[in-house]
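In what follows, a structure is listed as structure tokens, so that the remarks can point back to it.
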Amino acid sequence: MRPFEYERPGDGHGAVATMHRPGAVFLAGGTNLVDLMKLGVTSPELLVDITGLPYHGIETRDGVRIGALVSNTGLARDDTIRRDYPVVSEAILAGASGQLRNRATVGGNLLQRTRCRYFQDVTKACNKRSPGSGCDARDGEHHDLAILGASPQCVATNPSDLAVALSMVDASVHYLGPHGPAAISVHDLFRRPGDRPDLDTNLPPGSLITAVVLPECPIAARSRYRKVRDRASFAFAAGSVAAALDVRDGIVHDVRLAWGGVAHLPWRAWAAERALRHGPATPEHFARAAEEELAFAKPLRDNAYKIPLLRNLTVELLRELTP
Ligand SMILES: Cc1cc2nc3c(=O)[nH]c(=O)nc-3n(C[C@H](O)[C@H](O)[C@H](O)COP(=O)(O)OP(=O)(O)OC[C@H]3O[C@@H](n4cnc5c(N)ncnc54)[C@H](O)[C@@H]3O)c2cc1C
């Protein structure tokens, strides 16, 4: 590991001000950043420790405002979250381990980097880590990589389970940017890789996430998260589904659907939602709707299995949510 400086700013504006210094990065729980430093994927010159900043609370008013430094465990265990947004709690508990979740923060979870093995191996070509170097994943070991929204430059997936649940509930992310406080919808926060896979998000450089806001979302009280992975714990999603369903007299009145492990961003399944609404709450209809969304998929040599996986997982979860 290379030498670096370390600072603990006293407030959010002070933290953002340090970001004009070369090689400065925010340090929250460190569970992703420090690993990447050890691997040589990133070599910051200044770690700006934000854990002392006052963003540790969860407030309930017109929805829920979650401080960026709330731990993953604290969020998953919160009574309001478990009652009104169970999908958020389940998504967190489907990831990492108890120890990691105790340390990891909400802001850090959203900005964790991809787990693509070519990104993490500095001896391999990766446009995300080293723009213009190429993408060894395309013809390499890519069974866990993207089938939706990828580009010739990058087939990495977003690793965050929490982000998938936040997409399903239309959350927004509040931040302190170079021009002061601002907010962005979670749908606009994450991006497709296009020809700039080095950019994971649309946040202005040097921005500090201060909170995530969940809007009031009555349908989310009947929501769930399902994840398929290579092993039972400590593994990222091969595919995951966040869903909420409102069925009245056998007809889908309303639905929310987002997928994880399949794209550079949490994939909100808008086409499937449109196909589902006002149709019968039957497994056949659920499968047809999932297939409408999956028509956009462009699998690689070894990851076409994700298409039936996503369809079946979606059908299974919607069946569970059907009264
Ligand atoms: C073995 C293992 C298994 C895991 N499994 C899963 C899993 O299955 N699912 C899953 O979703 N996650 C999983 N994780 C990832 C884990 O959830 C993340 O490492 C964690 O959430 C990151 O949070 P952190 O606070 O430690 O972030 P850090 O490591 O401190 O930071 C991560 C990034 O976010 C930036 N950052 C942090 N906070 C802010 C902020 N407030 N504003 C702006 N930038 C910020 C940092 O600069 C850094 O770039 C796993 C991790 C490990 C090590």
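Numbers here are sequence positions counted from 1. Order of appearance sets the numbers: ligands from 1, and atoms from 1 within every ligand.
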>> So that I can tick it off, tell me whether Arg138 and Asp136 are bridged by a salt bridge, with the cut-off set at under 4.0 angstrom between side-chain N and carboxylate O.
In response: no

>> Under 3.5 Å between any N/O of Asn32 and any N/O of ligand 1: does that happen in this structure?
In response: yes

> Any N or O on Leu162 sitting closer than 3.5 Å to an N or O of ligand 1?
Replying inline: no

>> Check this for me: does any side-chain nitrogen of one of Arg129 and Asp198 sit under 4.0 Å from a carboxylate oxygen of the other?
In response: no

> Considering only heavy atoms, which of Asn158, Asp161, Leu53, Val48 lies nearest to atom 9 (N) of ligand 1?
Replying inline: Asp161

>> Checking the N or O distance criterion of under 3.5 Å, is ligand 1 in contact with Ala28?
In response: yes

For residues 316-323, which side-chain N or O atoms pair as donor and acceptor with protein atoms under 3.5 Å away, sequence neighbours left out?
from   : atom 1 : to     : atom 2 : distance (Å)
Glu320 : OE1    : Arg226 : NH2    : 2.7
Glu320 : OE2    : Arg226 : NH2    : 3.1
Thr322 : OG1    : Leu318 : O      : 2.7

>> Suppose we measure from atom 22 (C) of ligand 1 to each protein heavy atom; which comes out shortest, and what is that distance?
In response: Thr31 OG1, 3.3 Å

> Taking atom 8 (O) of ligand 1 as the point of reference, which of Met37, Arg113, Gln99, Lys227 owns the nearest heavy atom?
Replying inline: Lys227

> Can you tell me which residue and heavy atom of the protein come closest to atom 48 (C) of ligand 1, and the distance to 0.1 Å?
Replying inline: Phe26 O, 4.1 Å

> How close does the nearest protein non-hydrogen atom get to atom 50 (C) of ligand 1, and which residue and atom is it?
Replying inline: Phe236 CZ, 3.4 Å

> Where is the nearest protein heavy atom to atom 45 (C) of ligand 1: which residue, which atom, and how far?
Replying inline: Leu111 CD1, 3.8 Å

